[in-house]
K.L.:
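Please see the structure below; I have some questions.
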Protein chains: 2
Amino acid sequence: MNISVPLKKGRKFDQVIAGAREVFLREGFEGASVDQIARDAGVSKATLYSYFPDKQALFMAVLTSQCQMQSEQAMGIEILQRPVPEALYSIARSFLNFLMSDFSIQVFRVCVAESNRFPELGRAFYDSGPKQALDQIAAYLGSEKVARELKIDDPYMAADQFLQLCRADMLLRRILNVDTDDSPDKMDRIARETVATFLARYRRA
Amino acid sequence: MNISVPLKKGRKFDQVIAGAREVFLREGFEGASVDQIARDAGVSKATLYSYFPDKQALFMAVLTSQCQMQSEQAMGIEILQRPVPEALYSIARSFLNFLMSDFSIQVFRVCVAESNRFPELGRAFYDSGPKQALDQIAAYLGSEKVARELKIDDPYMAADQFLQLCRADMLLRRILNVDTDDSPDKMDRIARETVATFLARYRRA
DNA sequence: GATGAACTAAACTGGTCAGTCTATTGTACC
DNA sequence: GGTACAATAGACTGACCAGTTTAGTTCATC
């Protein structure tokens with residue numbers, strides 16, 4: 001009847017993923033126990049193991065689906081029609097907003113922590129997040145519209161610098177659980193300073 | 001007889017720390033077993049437990065001593081006497097060199113991973129590493145010598161931007177275990193681009 | 001209301017691990 | 001050579017945990 005129900009093996013599939021996401025992001029791979037995941041998911045351990053062959057597979061399923069979600073966080077095309085400085089500011093602002101979210105911080109932490117144990121994980125995270133952002137900004141910076149106002153020889157290097165400027169010390173502090181001012185005002189200021197520095201370097205004389 | 005021997009409780013203390021560093025940095029906190037640490041250190045478990053009350057204390061001792069070492073990685077004063085662009089380039093280059101070392105990457109990974117479980121750890125790492133760097137660069141950027149050539153209203157914001165530009169995508173890739181070009185040439189280029197962008201923004205008209 | 005698949009709780013297995021304990025051996029010093 | 005501490009190997013305890021199994025329950029569907 002309900003066509004939108006995915007073709008997964010059973011009704012509790014999404015519950016399992018949700019519980020596992022919760023626990024894995026909070027505790028990391030080693031720190032999370034399967035019993036706890038089952039409890040959090042409101043599901044029996046046997047059910048969980050009917051979906052996934054083992055803990056690793058569940059872990060990878062959760063994190064690659066999170067990376068998938070992350071990569072769908074695309075830049076609105078309408079932003080890019082605006083004047084370059086405004087567009088840059090908007091990009092910086094929304095990028096920063098995303099970076100500072102609990103979601104993004106937790107996924108980052110776990111991916112960094114387990115990128116030794118699960119080599120594919122670091123790659124999957126990089127490709128679905130930082131690389132997407134880099135590609136999109138580089139494409140924008142390489143566009144004809146931008147070329148009229150900015151002089152950019154290497155769009156990837158420029159995009160990299162732009163994104164680095166956005167990140168700022170504030171992000172590092174959040175990642176390390178150090179108290180920090182992450183008010184909208186502060187984030188605004190970082191976005192403005194990012195654009196100011198970026199334009200100073202790349203604006204046409 | 002040997003005065004340089006530290007006044008720790010026994011002769012094997014340093015061995016314990018060395019073994020623990022090795023294993024913790026490779027495996028993380030949960031992934032490392034005390035038996036393995038003792039084996040790596042060439043020491044019995046009982047000896048290890050005569051120095052440290054439990055695994056957590058050992059972990060913190062290792063990492064805070066690593067952070068200590070990190071913070072002693074100070075900027076040579078002679079660099080700062082050179083002309084500003086040259087000084088900036090040298091700072092960028094040696095900062096990058098340090099950031100990309102196995103040591104620094106491993107410590108960072110473990111601190112990020114465990115900063116939830118050990119809140120003091122994230123703080124200790126931040127204070128002994130990133131914060132030191134920020135303070136030192138900000139002090140330099142706020143100095144009179146620099147003020148003659150650069151116009152900097154907020155030395156901390158400027159220092160933050162400078163350090164962010166150094167980090168670059170390359171660092172993120174290494175942290176996530178993604179293959180990357182980290183040749184001296186590449187690092188040189190990043191340092192030069194960092195200085196170029198920084199000067200474009202802050203050089204006096 | 002019968003059928004079969006999905007789900008359940010709970011017990012169980014085999015393994016690992018943190019931390020303790022014991023009995024013994026080295027080592028330094030008087 | 002006697003005293004006292006440092007260190008050792010290895011056995012042991014109690015806890016936890018991944019993954020399996022069993023015997024029974026829910027639920028959609030016909």
K.L.:
Base, sugar-phosphate, or nothing for B:G31, non-hydrogen atoms under 4.0 angstrom?
P.N.:
nothing
K.L.:
Keeping the roles fixed (side chain from A:T47, backbone from A:V43), state whether a donor-acceptor pair exists under 3.5 Å.
P.N.:
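Here the side-chain-to-backbone pair does not exist.
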K.L.:
Nearest to the side chain of B:T47, heavy atoms from C-beta on, is which of C:dA9, D:dG19, D:dA7?
P.N.:
D:dA7
K.L.:
How many Å lie between CG on A:D14 and C1' on C:dA6, as a whole number?
P.N.:
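Rounded to the whole Å, the gap is 15 Å.
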K.L.:
Rounded to the Å, how far apart are A:D54 CG and D:dC17 C1'?
P.N.:
14 Å
K.L.:
Any side-chain N or O of A:K55 under 4.0 Å from OP1/OP2 of D:dA18?
P.N.:
yes
K.L.:
The side chain of A:R11 is closest to which nucleotide in this list: D:dC27, C:dA18, D:dA7?
P.N.:
D:dC27
K.L.:
Under 3.5 Å, is there any donor-acceptor pair linking the side chain of B:K45 to the base of D:dG10?
P.N.:
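No such pair is found, so the answer is no.
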K.L.:
Given atom CG of A:L48 and atom P of D:dG19, what is their separation to the nearest angstrom?
P.N.:
10 Å
K.L.:
Can you tell me the distance, in whole Å, between the CD1 atom of B:I37 and the C1' atom of C:dC17?
P.N.:
12 Å
K.L.:
Indicate the ring-plane relationship of B:F103 and B:F98, choosing parallel, tilted or perpendicular according to the 30° and 60° boundaries.
P.N.:
tilted
K.L.:
Using whole Å, what does the distance between atom C1' of nucleotide C:dA5 and atom CZ of A:F13 come to?
P.N.:
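The answer, rounded to whole Å, is 18 Å.
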K.L.:
Could you tell me the separation between the NZ atom of A:K12 and the P atom of D:dA28, rounded to a whole number of Å?
P.N.:
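My rounded result for the distance is 11 Å.
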K.L.:
Nearest to the side chain of B:Y49, heavy atoms from C-beta on, is which of C:dT8, C:dT20, D:dA9?
P.N.:
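The closest nucleotide is C:dT20.
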K.L.:
Measure CD/A:E30 against P/C:dG15 and give the value in whole Å, please.
P.N.:
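After rounding, the gap between these two atoms is 18 Å.
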K.L.:
Choose from D:dT8, D:dA18, C:dC7 the nucleotide whose nearest atom is closest to any side-chain atom of A:D35.
P.N.:
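Nearest nucleotide to the side chain: D:dA18.
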K.L.:
So, A:D160 side chain and B:D169 main chain: donor-acceptor pair closer than 3.5 Å or not?
P.N.:
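Yes, the answer is positive, given that a donor and an acceptor are paired below the 3.5 Å cut-off.
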K.L.:
Under 4.0 angstrom, heavy atoms only, what part of the nucleic acid is B:A38 near: base, sugar-phosphate, or nothing?
P.N.:
nothing
K.L.:
Could you check how far OH of A:Y51 sits from C1' of C:dA5, rounded to whole Å?
P.N.:
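The distance from OH of A:Y51 to C1' of C:dA5 comes to 11 Å, rounded to the nearest Å.
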K.L.:
Picking from C:dA18, C:dC21, C:dA9, which would you name as closest to the side chain of A:A46?
P.N.:
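For the A:A46 side chain, the nearest candidate turns out to be C:dA9.
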K.L.:
Looking at D:dA18, C:dA18, D:dT8, which one has an atom nearest to any side-chain atom of A:S33?
P.N.:
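When the side chain of A:S33 is considered, D:dA18 is the closest of D:dA18, C:dA18, D:dT8.
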K.L.:
Over 60° means perpendicular and under 30° means parallel, so classify the ring planes of A:F52 and A:F13, tilted if in between.
P.N.:
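The rings of A:F13 and A:F52 sit tilted, inter-plane angle from 30° to 60°.
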K.L.:
Any chance the rings of A:F125 and A:F118 have centres within less than 6.0 Å?
P.N.:
no
